[in-house]
Asker: 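Let me give you the structure first, and then I'll get to my questions.
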Amino acid sequence: MAKQTNIRLDDAVRAAAEERAKRRGLSLQGYVADLIEADVNQSRAAFMAGAASFLAAYTEAFEEEVGEDRYPNLPEGLAQTAPRDAA
């Protein structure tokens, strides 16, 4: 569900934003929403790329340190039924 957000712009910025929105066939609200969504998606993509790079670089180190024992200190047999995020 969409939520309403109010922002304050000085007159010159608002006029420039309205002009850019008009050239794109958007309302000012649609233009601002598109800008924010693009920024959020770009940040999310950058974070995910960084996380993937980090995991690729350090996978071997984590496996050497932690090994395959995903559930240390669990009684024998419970590791097969424990949720994957239990450790």
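This structure is a prediction, so every number in the text was calculated from the model and none was measured. Computed from heavy atoms alone, side chains included, the values below leave out hydrogens, waters and symmetry copies.
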Asker: Taking Val40 as the starting point, is it possible to reach Met48 by hopping between hydrophobic residues whose side chains are less than 4.5 Å apart?
Answerer: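 Result: no, two separate clusters.
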Asker: Evaluate whether atom CD of Gln29 has more than 12 neighbouring non-hydrogen atoms of other residues, nucleotides or ligands under 6.0 angstrom away.
Answerer: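 No - once you tally the heavy atoms of other residues, nucleotides and ligands closer than 6.0 Å, there are 12 at most.
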Asker: Side-chain donor-acceptor pairs under 3.5 Å in residues 3-16, sequence neighbours left out?
Answerer:
from: Asp10; atom 1: OD1; to: Ala12; atom 2: N; distance (Å): 3.3
from: Asp10; atom 1: OD1; to: Val13; atom 2: N; distance (Å): 2.8
from: Arg14; atom 1: NE; to: Glu18; atom 2: OE2; distance (Å): 3.0
from: Arg14; atom 1: NH2; to: Glu18; atom 2: OE2; distance (Å): 3.1

Asker: Can you tell me how far the CG atom of Leu35 sits from the CZ atom of Arg20, to the nearest 0.5 Å?
Answerer: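 That separation rounds to 9.0 Å.
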Asker: Can you pull out every ring-ring contact (aromatic ring centres under 6.0 Å, His included) where at least one residue sits in residues 25-61? Sequence neighbours excluded, please.
Answerer: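 Only Phe54-Tyr58 qualify under ring-ring contact (aromatic ring centres under 6.0 Å, His included).
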Asker: Under the side-chain hydrogen bond (donor to acceptor under 3.5 Å, both in side chains) test, which residues partner Asn41, sequence neighbours left out?
Answerer: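 Arg44.
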Asker: What pair of heavy atoms forms the shortest contact from Ala21 to Ser27, and how long is it?
Answerer: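 The answer is CB-O, 3.6 Å.
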Asker: Would a distance-only check, ignoring hydrogens and angles, find a side-chain to backbone donor-acceptor pair under 3.5 Å from Thr59 to Leu55?
Answerer: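 Yes: the side chain of Thr59 pairs with the backbone of Leu55.
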